[in-house]
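Notes follow once the structure below has been shown.
Note that these values count all heavy atoms, side chains included, but never hydrogens, waters or copies made by symmetry. Residue numbers start from 1 in every chain, and the chains themselves are labelled A, B, ... in the order their sequence lines are given, proteins ahead of strands. Keep in mind that what you see is a predicted model, and the values were worked out from it rather than measured.
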Amino acid sequence: MTVRTRFAPSPTGFLHIGGARTALFSWAYARKNKGSFILRIEDTDVARSTPEAVQAILDGMNWLGLDWDEGPFYQMQRMDRYKQVLQQMLDAGNAYHCYSSKEELEALREQQMAQNIKPRYDGRWRPEPGKTLPAIPQGISPVIRFRNPQAGLVSWNDLVKGTISISNEELDDLIIARADGTPTYNFCVVVDDWEMGITQVIRGDDHVNNTPRQINMLMALGAAIPQYAHLSMILGDDGQKLSKRHGAVSVMQYDEDGYLPEAVLNYLARLGWSHGDDEVFSMDQFCAWFDLDHITPSAAQFNTEKLNWLNAHYIKQADAGYLADEVKKRQPALNFESGPELLKVVELYRERANTLNELAAGIVYFYQLPVIDEAAAAKHISPEILPVIHALSDALAMVEWTAAAIHELIQKSVTDHALKFPKLAMPLRVMLTGAGQSPAIDAVMELLGRDEVIRRIRAF
RNA sequence: GUCCCCAUCGUCUAGAGGCCUAGGACACCUCCCUUUCACGGAGGCGACCGGGGUUCGAAUCCCCGUGGGGACGCCA
């Protein structure tokens with residue numbers, strides 16, 4: 001059977017890191033098995049769904065390069081079909097109208113909680129042979145409930161967690177259509193997974209409890225039951241649950257912060273999944289290796305340090321032209337025509353940066369006068385060394401302008417004055433770059449250019 | 001409260017009864033490289049939640065604790 005997986009976010013916010021990993025695994029499973037990956041937007045919560053959120057999710061998927069084969073399908077555009085199935089279930093006696101008010105149900109819940117039992121619908125409107133239903137109240141539009149089996153066990157072999165069994169006694173008759181007639185989440189999922197021919201449902205483990213209900217409905221419809229794989233959640237850097245107000249950020253924020261999609265993808269792939277000791281791999285490699293057997297069932301804590309390490313790795317590997325473009329995008333105010341070729345500067349600086357933003361910030365002094373770190377200046381630029389540097393700058397005016405020749409010249413000056421190399425290199429570094437750390441000073445000088453180097457030295 | 005799930009270094013993980021005096025990666029520490037800071041290289045520190053079983057043998061299987069998480073919506 002051809003593998004068909006899906007990613008089914010609800011457009012109530014951006015695509016965050018947890019959703020991204022769910023999408024990644026679902027996508028990879030389809031790619032690995034030469035199947036199809038379907039994108040479905042679950043927008044039946046009209047009050048909370050927004051077109052902006054849909055776009056944000058699409059943007060996130062695109063940035064990561066998670067391409068889908070079918071969709072995006074929008075559940076709100078499938079209303080007619082849901083209503084048909086709803087009617088079909090009503091006709092077959094698998095569903096029924098319930099006239100209980102929200103207040104009534106709330107009271108029931110509170111009463112059950114007070115008795116320390118699991119709150120659930122008591123079936124007061126559930127038709128049974130020989131049972132007399134309450135009189136239908138006037139002016140109330142009923143909801144539709146699924147007639148869940150009352151005995152037996154629902155169990156499935158979860159591809160991540162192993163066998164999970166839940167007794168039907170734990171389940172109640174869930175609402176599948178609201179009073180206004182719109183179907184609810186669990187019902188839409190069932191109809192869609194069925195009709196879209198989903199073979200493996202890969203989703204967050206907050207859905208474990210929905211699974212037995214969905215299986216029961218699928219069975220009532222005579223539909224094939226897909227396999228389920230429930231991914232555990234991702235915790236924040238501090239071990240706390242991610243939430244809107246705590247650590248949950250859009251994947252696009254990682255773009256803004258200077259992370260490469262390759263790094264984020266590679267990091268996410270290794271969060272909860274492993275392939276022996278392999279840590280760094282491409283998405284092609286990942287798709288070839290990916291399996292559900294090696295997914296951890298336990299929750300994983302996000303670790304920015306490791307992401308940084310991977311990001312630094314991908315910056316070292318990246319095409320210099322790509323890095324240059326990213327730097328330009330991140331330094332819109334700089335005039336790159338006024339200094340050395342950006343490609344060369346990027347090559348010099350790339351291995352010192354963990355993020356594109358660090359790279360972009362690090363190369364600024366090549367294109368505008370640096371802000372001098374006063375502490376570094378005080379430490380390295382002494383009155384005694386100044387004449388030596390000035391003499392050196394005179395000599396620089398006529399040396400061949402290559403890093404090697406410049407280095408030789410500095411070395412000669414060092415020898416002539418019986419100094420150690422840093423005695424000259426450090427003050428030069430501060431004068432030219434503003435700070436006490438930089439790439440090799442001769443390489444910096446070569447790129448900066450003779451005129452600019454002499455100008456900056458003469459300012460002291 | 002009820003039900004479900006989870007549990008190896010600080011973190012991500014390897015581990016499917018003997019290959020484990022538990023391996024790798026990030027972080028941290030030391031040394032090397034060096035012109036500073038990085039990069040890179042070599043080392044080091046560091047874990048099987050507890051208790052009972054099963055077995056010749058358990059990180060691995062079972063049970064009970066403990067701890068953590070999730071679900072219990074006319075949200076998804």
Side-chain angles (χ1 to χ4, degrees), chain A residues 8-12 42-45 47-49 75 98 100-102 105-106 109 112-120 141-145 158 160-162 164-167 169-172 174-186 188-189 204-212 230 232-233 235 237 239 241 267 270-280 293-294 296-310 312 316 349-354 362 376 380 407 410-411 414 420-426 428-430 433 435-442:
Chain A
S10 63
T12 54
E42 310 215 322
D43 54 357
T44 54
D45 184 356
R48 293 198 301 149
S49 297
Q75 291 187 321
C98 165
S100 296
S101 66
K102 287 184 185 181
L105 294 170
E106 185 51 42
R109 251 193 297 277
Q112 288 166 325
M113 290 286 256
Q115 289 173 48
N116 278 343
I117 56 176
K118 188 173 183 167
R120 46 203 214 282
S141 347
V143 300
I144 299 174
R145 288 183 184 271
D158 196 279
V160 170
K161 293 175 185 286
I164 299 178
S165 302
I166 292 172
S167 166
E169 287 175 25
E170 295 297 327
L171 274 22
D172 63 0
L174 75 157
I175 292 171
I176 57 177
R178 303 177 179 92
D180 66 6
T182 58
T184 59
Y185 166 76
N186 273 296
C188 296
V189 167
D205 75 357
D206 46 332
H207 288 293
V208 166
N209 295 275
N210 290 323
T211 306
H230 287 102
S232 58
M233 56 188 297
L235 271 21
D237 234 331
K241 184 188 174 184
Y267 179 73
R270 273 294 283 107
L271 200 56
W273 175 84
S274 60
H275 184 265
D277 288 339
D278 295 304
E279 295 285 350
V280 181
D293 298 338
H294 290 84
T296 346
S298 54
Q301 190 171 318
F302 194 87
N303 185 232
T304 305
E305 301 276 10
K306 190 160 181 179
L307 206 215
N308 285 343
W309 170 74
L310 270 170
K316 282 176 212 139
Y349 220 91
R350 67 195 309 174
E351 66 183 26
R352 331 171 58 80
N354 281 325
H380 298 294
H407 185 271
I410 299 173
Q411 188 57 60
V414 161
K420 298 275 191 206
F421 201 95
K423 270 292 180 199
L424 278 188
M426 290 310 292
L428 278 172
R429 200 182 315 276
V430 175
T433 74
Q437 311 91 36
S438 81
I441 197 63
D442 48 16

Whole-Å [atom1] distance, [N] and [M]:
{"N": "C45(B)", "M": "U13(B)", "atom1": "P", "answer": "24 Å"}
{"N": "A59(B)", "M": "G23(B)", "atom1": "P", "answer": "14 Å"}
{"N": "A7(B)", "M": "C12(B)", "atom1": "P", "answer": "12 Å"}
{"N": "A14(B)", "M": "C9(B)", "atom1": "P", "answer": "12 Å"}
{"N": "A22(B)", "M": "C3(B)", "atom1": "P", "answer": "40 Å"}
{"N": "A16(B)", "M": "U55(B)", "atom1": "P", "answer": "23 Å"}
{"N": "G46(B)", "M": "C62(B)", "atom1": "C1'", "answer": "31 Å"}
{"N": "C64(B)", "M": "C19(B)", "atom1": "P", "answer": "29 Å"}

Whole-Å distance separating the [atom1] atom of [X] from the [atom2] atom of [N]:
{"X": "Glu305(A)", "N": "U11(B)", "atom1": "CD", "atom2": "C1'", "result": "10 Å"}
{"X": "Ile164(A)", "N": "C4(B)", "atom1": "CD1", "atom2": "P", "result": "10 Å"}
{"X": "Asn186(A)", "N": "A76(B)", "atom1": "CG", "atom2": "P", "result": "9 Å"}
{"X": "Arg270(A)", "N": "U13(B)", "atom1": "CZ", "atom2": "P", "result": "7 Å"}
{"X": "Arg48(A)", "N": "C74(B)", "atom1": "CZ", "atom2": "C1'", "result": "13 Å"}
{"X": "His294(A)", "N": "A14(B)", "atom1": "NE2", "atom2": "C1'", "result": "9 Å"}
{"X": "Leu235(A)", "N": "G67(B)", "atom1": "CG", "atom2": "C1'", "result": "14 Å"}
{"X": "Glu279(A)", "N": "G23(B)", "atom1": "CD", "atom2": "P", "result": "16 Å"}

TODO: Evaluate side chain to side chain contact (heavy atoms under 4.5 Å, CB included) for Met233(A) paired with Asp206(A), printing each intermediate quantity in order.
DONE: CA-CA 8 Å; Met233(A) 56 188 297; Asp206(A) 46 332; over 6 Å; no

Would you say [N] has OP1 or OP2 under 4.0 Å from some side-chain N or O of [X]?
{"X": "Lys306(A)", "N": "U13(B)", "value": "no"}
{"X": "Lys316(A)", "N": "G40(B)", "value": "yes"}
{"X": "His230(A)", "N": "C4(B)", "value": "no"}
{"X": "Ser274(A)", "N": "A14(B)", "value": "yes"}
{"X": "Arg178(A)", "N": "A76(B)", "value": "yes"}
{"X": "Thr296(A)", "N": "U13(B)", "value": "yes"}

Open item on the list: Can you see whether Thr182(A) engages Asp180(A) through a side-chain donor-acceptor pair at a distance of less than 3.5 angstrom?
Closed with: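 Looking only at side-chain atoms, Asp180(A) and Thr182(A) do form a donor-acceptor pair, the distance falling under 3.5 Å.
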
Under the 3.5 angstrom rule, does the side chain of [X] hit a backbone N or O of [Y] as a donor-acceptor pair?
{"X": "Gln112(A)", "Y": "Arg120(A)", "result": "yes"}
{"X": "Arg270(A)", "Y": "His275(A)", "result": "no"}
{"X": "Arg178(A)", "Y": "Pro183(A)", "result": "yes"}
{"X": "Ser167(A)", "Y": "Glu169(A)", "result": "yes"}

Remember a base hit wins even if backbone is also touched, and classify [X] as base, sugar-phosphate or nothing at under 4.0 Å, heavy atoms.
{"X": "Ser100(A)", "value": "base"}
{"X": "Asp158(A)", "value": "nothing"}
{"X": "Ser165(A)", "value": "sugar-phosphate"}
{"X": "Pro439(A)", "value": "base"}
{"X": "Asp237(A)", "value": "nothing"}
{"X": "Thr44(A)", "value": "sugar-phosphate"}

Does [X] make a side-chain donor-acceptor contact with the base of [N], cut-off 3.5 Å?
{"X": "Arg429(A)", "N": "U35(B)", "value": "yes"}
{"X": "Asp206(A)", "N": "A76(B)", "value": "no"}
{"X": "Asp205(A)", "N": "G70(B)", "value": "no"}

Task: Candidates G23(B), A7(B), C74(B) - which lies nearest the side chain of Ser298(A) - done: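 When the side chain of Ser298(A) is considered, A7(B) is the closest of G23(B), A7(B), C74(B).
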
Task: Out of C74(B), C26(B), U2(B), whichever nucleotide has its closest atom nearest the side chain of Trp309(A) - done: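 Looking only at heavy atoms from C-beta outward on Trp309(A), the closest nucleotide is C26(B).
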
Open item on the list: Go nucleotide by nucleotide along RNA chain B from the 5' end; which of Ala425(A) and His207(A) gets its closest nucleotide reached first?
Closed with: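 Final value for this comparison: Ala425(A).
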
Open item on the list: Both Glu170(A) and Asp180(A) contact RNA chain B. Which one's nearest nucleotide lies toward the 5' end?
Closed with: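 Going by which nucleotide is closer to the 5' end, it is Glu170(A).
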
- [ ] Decide yes or no on side chain to side chain contact (heavy atoms under 4.5 Å, CB included) for Ile144(A) and Ile175(A), but give the supporting numbers first.
- [x] CA-CA 6 Å; Ile144(A) 299 174; Ile175(A) 292 171; over 6 Å; no

Open item on the list: For Tyr267(A) and Phe302(A), take the angle between the two ring planes, folded into 0 to 90°, and tell me which bin it lands in: parallel under 30, tilted 30 to 60, perpendicular over 60.
Closed with: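 If you compare the ring of Tyr267(A) with that of Phe302(A), the planes turn out perpendicular.
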
